[in-house]
Amino acid sequence: LALTAFIGVVIIACPCAMGLATPTAIMVGTGRGAEAGILVRGGEALEAAGRIDTVVMDKTGTLTLGRPVVTRIVPAPGVEPARVLDLAASLETGSEHPLGEAVVRRAREDELGFGRVEGFGAVVGRGVTGSVDDTPVLVGSRRLLEEHGVDVDTLAEQAEAIAADGGTAAWVAIDGRVAGLLAITDPVKAESAEAVRELRGAGLEVWLLTGDARTTAEAVGRQVGIPADRVVAEVLPADKEALVARLQGEGRRVAMVGDGINDAPALARADLGVAIGTGADVAIEASDITLVGGDPRLVASSIALSRATLRVIRQNLFWAFAYNVVLIPIAMGVLYPAFGILLSPALAAAAMALSSVSVVANSLRLRSVDVRPGRPVQLRRGPLGVVRDAGFLVGIAVIGLATAGGVLAADRAIDANLPRIEAVAHDVRFEPDAWTITAGDWTVLEFRNDDPLVHDWMVDGVPNLEVIARPGQTETLRFVLDRP
């Protein structure tokens, strides 16, 4: 009896289900995300995504297409538009910024921008400087020109009008004087407004972060549904990281979504860095999650997938612990004195296997989570989801109990159809003292101990064929003799 209980406890206590609880859910979750275009770096990133309460989104390439175009040239009085475009494009040839590339593309259409450049320099967050055919040229923000002592008042109103339309005004100064403006527009992605709406609908706080002018940033914010008090404009790359750090200092769990080189420090600083797959390699390397294809709606999908995965992990761990808490005492024999129920090693092995199967089956339910773009995303679990999850766990428990009950019933039915012999220990004697048993046939022995001493019944010469009964106890043994 003690050996049977010991073996049962060892089998039940095997932590197979606990070991499978987390990795199976993460494996299925990350695989489901990869099918939808969400590449997760590891389990830690998937776990962090589920705890996010604040999302900071870059503008260019994240909420906008990231393919800016020059829509208008506004020259200063007395300056030819072609000269403004020619000198600006010549200088921007050495730039890797998307706005600079837009200027070059526009100039190539008119076969401009082939001037000789000397002393090229890029000022982070400002623009570029240098000389084109021995003429000093500045291209960039209003702040860049002001820092070089250029008076910009003559085109200030035109710049405000460009920004009010959601465009970016690239200032051009030639030989120390303002020469014109290049109106650059980066269209907002058709999916951006829906992406922001899903995040805000789930109770997440969404911020817009950009180095563009305040007016331009607020115009884009209005298009996608981000209020003006959550728009931070005219920031340098270091300022982006500082904003993330400030929000974290307020106790928020922050996700940063970006695609450019300038976003890399903020992506690395955030609790969760999300890179747009069409962006720079540096941003992708600094991120925890990469969105293939650049659809911003996948940000909400990533968080929904993470929350679903964490929920399944918790359910798996609950099931694994509950299995051990319930069955270990039964395997120890806590029900034996009152009901004569003792968990056999065979049943313990079956229960252990069932617990592992239930954990894997629960993890595979993540396959039903649809996080593809355009599909309804549920970041908050409703009452129906709670009922569905509870129903699955209850169903697994019912199946386990039904299986165990079926095995016990089948075992008793087998015993009922086998030849049966009865033995009684009384006055330190066995009655009857002899039996005739057919070799090769299974037989059921019912051994009752009426003595105040512990008795054991065995067959001489047959190893491991023994049954022990305590005073007042009746034990049952099924056995077969292979030889007469």
Side-chain angles (χ1 to χ4, degrees), residues 58-115 117 120 122-123 125-130 132-133 135-145 150 152 154-174 177-190 192 210-220 223 233-234 259-262 278-280:
D58 178 53
K59 181 182 78 67
T60 305
T62 301
L63 294 176
T64 63
L65 291 175
R67 296 191 293 271
V69 294
V70 177
T71 56
R72 186 156 51 101
I73 302 172
V74 182
V79 182
E80 291 294 326
R83 178 170 170 76
V84 174
L85 181 60
D86 184 32
L87 295 181
S90 297
L91 187 60
E92 290 284 10
T93 302
S95 173
E96 297 180 351
H97 197 281
L99 299 184
E101 294 174 356
V103 173
V104 174
R105 285 196 301 269
R106 176 65 178 83
R108 294 293 187 262
E109 295 176 2
D110 296 338
E111 298 184 358
L112 299 173
F114 297 99
V117 179
F120 174 84
V123 183
R126 301 283 197 276
V128 293
T129 65
V132 180
D133 295 331
T135 302
V137 179
L138 301 173
V139 183
S141 66
R142 175 173 179 167
R143 187 182 302 178
L144 176 68
L145 272 64
V150 179
V152 297
T154 54
L155 296 178
E157 291 186 6
Q158 292 89 330
E160 288 293 329
I162 293 172
D165 292 334
T168 299
W171 292 76
V172 181
I174 301 175
R177 301 178 64 180
V178 64
L181 297 170
L182 301 175
I184 304 175
T185 302
D186 188 5
V188 174
K189 294 178 181 178
S192 295
T210 179
D212 291 344
R214 178 78 190 180
T215 306
T216 302
E218 290 183 353
V220 173
Q223 293 182 54
E234 301 177 6
D259 73 323
I261 296 175
N262 294 341
T278 54

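The figures here come from the full heavy-atom set of this structure, side chains too, leaving out hydrogens, waters and symmetry mates. Keep in mind that what you see is a predicted model, and the values were worked out from it rather than measured.
Looking only at side-chain heavy atoms (C-beta outward), L144 and T129 come within less than 4.5 Å of each other. Looking at heavy atoms from C-beta onward, F114 lies in side-chain contact with R108 at the 4.5 angstrom threshold. Side-chain contact check for V172 versus L181: every heavy-atom pair is 4.5 Å or farther apart. When side chains are defined from C-beta on, R83 counts as touching T135, because their heavy atoms get closer than 4.5 Å. Counting heavy atoms from C-beta on, the side chains of V69 and R106 never come closer than 4.5 Å. The side-chain heavy atoms of V139 and V103, taken from C-beta on, include no pair separated by under 4.5 Å. Residues V128 and V123 form no side-chain contact, since every pair of their non-hydrogen atoms from C-beta on lies 4.5 Å or further apart. Here the side chains of T185 and T168 are not in contact, with every heavy-atom distance at 4.5 Å or above.
Atom CZ of R72 has 12 or fewer neighbouring heavy atoms from other residues, nucleotides or ligands inside a 6.0 Å radius. Applying the 6.0 Å contact sphere to CZ of R177 captures no more than 12 heavy atoms from other residues, nucleotides or ligands.
A donor-acceptor contact shorter than 3.5 Å links the side chain of T71 to the backbone of A183. A donor-acceptor pair under 3.5 Å is absent between the side-chain atoms of S95 and the main chain of L91, judged by distance alone. No donor-acceptor distance shorter than 3.5 angstrom exists from the side chain of K59 to the backbone of A233, with no hydrogens or angles considered. Between the side chain of D259 and the backbone N or O of T62, no donor-acceptor pair lies under 3.5 Å. Distance alone, capped at 3.5 Å, places no donor-acceptor pair between the T215 side chain and the A163 backbone.
Between atom CD1 of residue I73 and atom CG of residue L85 there is a gap of 4.5 Å, rounded to the nearest 0.5 Å. Note that CZ of R142 is 13.5 Å distant from CZ of R126, once rounded to the nearest 0.5 Å. Here D186 contributes atom CG and T210 contributes atom OG1; the two are 9.5 Å apart, rounded to the nearest 0.5 Å. From D133, atom CG reaches atom CG of L87 across 7.5 Å, with rounding to the nearest 0.5 Å.
Nearest heavy atom pair, residue A89 against residue G113, reads CB-CA, 3.9 Å. The heavy-atom pair separating L155 from P75 by the smallest distance is CD2-O, 4.2 Å. Closest approach of P68 to A102, counting heavy atoms only: O-CB, 3.0 Å. When all heavy atoms of A88 and L182 are compared, the closest pair comes out as CB-CD1, 4.0 Å. Closest heavy-atom contact between R67 and R105: C-NH2, 4.3 Å.
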Under the side chain to side chain contact (heavy atoms under 4.5 Å, CB included) rule, what do E92 and E101 come out as? Steps first, then yes or no, please. CA-CA 7 Å; E92 290 284 10; E101 294 174 356; over 6 Å; no
Worked check of side chain to side chain contact (heavy atoms under 4.5 Å, CB included) between V220 and V188: CA-CA 7 Å; V220 173; V188 174; 4.1 Å; yes
Please lay out, stage by stage, how W171 and V150 fare under the test side chain to side chain contact (heavy atoms under 4.5 Å, CB included). CA-CA 11 Å; W171 292 76; V150 179; over 6 Å; no
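With sequence neighbours left out, the side-chain hydrogen bond (donor to acceptor under 3.5 Å, both in side chains) criterion links E218 to R214.
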